[in-house]
**Student:** 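What follows is a structure written as structure tokens; I'll ask about it next.
Order of listing sets the numbers, starting from 1, for every ligand and every atom in it.
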Amino acid sequence: MSSEQKFPPPFKTLISKEELNKRIAELGAEITKDYQEIGEDLVLIGVLKGSVIFLSDLCRKIELPCSMDFIGIASYGDDTKSSGVVQITSDLAHSIEGKHVLIVEDIIDTGLTAQYLFKNLATRRPASVKLCSLLHKPDRSEIDISIDYLGFAVPNKFVVGFGLDIAQKYRNVDFIGYVEE
Ligand code: 5GP
């Protein structure tokens, strides 16, 4: 029996399910090694909703007793570009004071959302804040964001699947695709 997803999303494949699995396992091993000493104080913060599929796979490749929390944000701008004006729609459930925070994002595009998150989380006095993103579009960067753990750099295309949506749909597609213009 084929392991391919059966419903037919109209996308070209950019990153296959197999490539995603392999890279996520590598990231999990790297994070496990880097946070070995402080394991219990590591908090993974998933940025809703795009990161949930990546986070659920990644956390199972991290061999530490870490905890998890979520933050929901709305970014204002037009359909294709965030303005950097971000509102928290759902805040963390727990304090991160003294914790080692790893922000888990689906994609860093302009970098404005990540910049806001770094500033906002820093006010809560965590021990450290690092960033892990599945994807990065280097051609779109507006600010220099340091991505501590990166899955894949992608070209300047609107990507979808594996958590990323088009008008809230297709997050359940099990590969990263793009719509051909
Ligand atoms: P930034 O603030 O870095 O410009 O935007 C980050 C957010 O924009 C991501 O978390 C994601 O929700 C959305 N985004 C940016 N590029 C894409 C894309 O190619 N596809 C989808 N589905 N969302 C994107």
**Student:** Out of Leu135, Asp109, Ile73, Ile107, whose heavy atom is nearest to atom 3 (O) of ligand 1?
**Tutor:**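 The nearest heavy atom belongs to Asp109.
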**Student:** Who passes salt bridge (charged side-chain N to carboxylate O under 4.0 Å, His left out) against Lys33, sequence neighbours left out?
**Tutor:**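 Residues passing salt bridge (charged side-chain N to carboxylate O under 4.0 Å, His left out) with Lys33: none at all.
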**Student:** Between Arg124 and Asp91, is the closest basic N to carboxylate O distance under 4.0 Å?
**Tutor:**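 Yes, Asp91 and Arg124 are salt-bridged.
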**Student:** If you measure from atom 1 (P) of ligand 1 to every heavy atom of Thr110, Leu48, Ile176, which option wins on shortest distance?
**Tutor:** Thr110
**Student:** Any heavy atom of Ala114 sitting closer than 4.0 Å to ligand 1?
**Tutor:**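 Ala114: no contact with ligand 1 (<4.0 Å).
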**Student:** Please indicate whether Lys137 has more than 12 foreign heavy atoms, meaning atoms of other residues, nucleotides or ligands, lying under 6.0 Å from its NZ.
**Tutor:** yes
**Student:** Pull out every atom of ligand 1 sitting under 4.0 Å from any heavy atom of Gly111, numbered as shown with elements.
**Tutor:** 1 (P), 3 (O), 4 (O)
**Student:** Verify the neighbour count for atom CG of Asp144: are there more than 12 heavy atoms of other residues, nucleotides or ligands below 6.0 Å?
**Tutor:**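 Not more than 12 within 6.0 Å, no.
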**Student:** Touching ligand 1 at all, Val160? Heavy atoms, strictly under 4.0 Å?
**Tutor:**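 Checking ligand 1 against Val160, which is what was asked, there is no heavy-atom contact under 4.0 Å.
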**Student:** Under a heavy-atom criterion of less than 4.0 Å, does Lys157 contact ligand 1?
**Tutor:** yes
**Student:** Looking only at N/O atoms, are Leu164 and ligand 1 under 3.5 Å apart anywhere?
**Tutor:** no
**Student:** How many angstroms lie between CG in Leu27 and CG in Leu150, if you round to the nearest 0.5 Å?
**Tutor:** 7.5 Å
**Student:** State if Glu142 counts as touching ligand 1 under the rule of any non-hydrogen atom under 4.0 Å.
**Tutor:**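 Glu142 does not count as a contact of ligand 1 under the 4.0 Å cut-off.
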**Student:** Does Leu134 reach the side chain of Leu20, with side-chain heavy atoms less than 4.5 Å apart?
**Tutor:**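 The answer is yes, as the side chains (C-beta and beyond) meet within the 4.5 Å cut-off.
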**Student:** Identify whether the distance between the nearest side-chain nitrogen and carboxylate oxygen of Glu26 and Lys22 falls below 4.0 Å.
**Tutor:** yes
**Student:** Just jot down the ligand 1 atoms closer than 4.0 angstrom to any heavy atom of Thr113, in number order.
**Tutor:**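 Matching atoms, with element in brackets: 1 (P), 2 (O), 5 (O), 6 (C).
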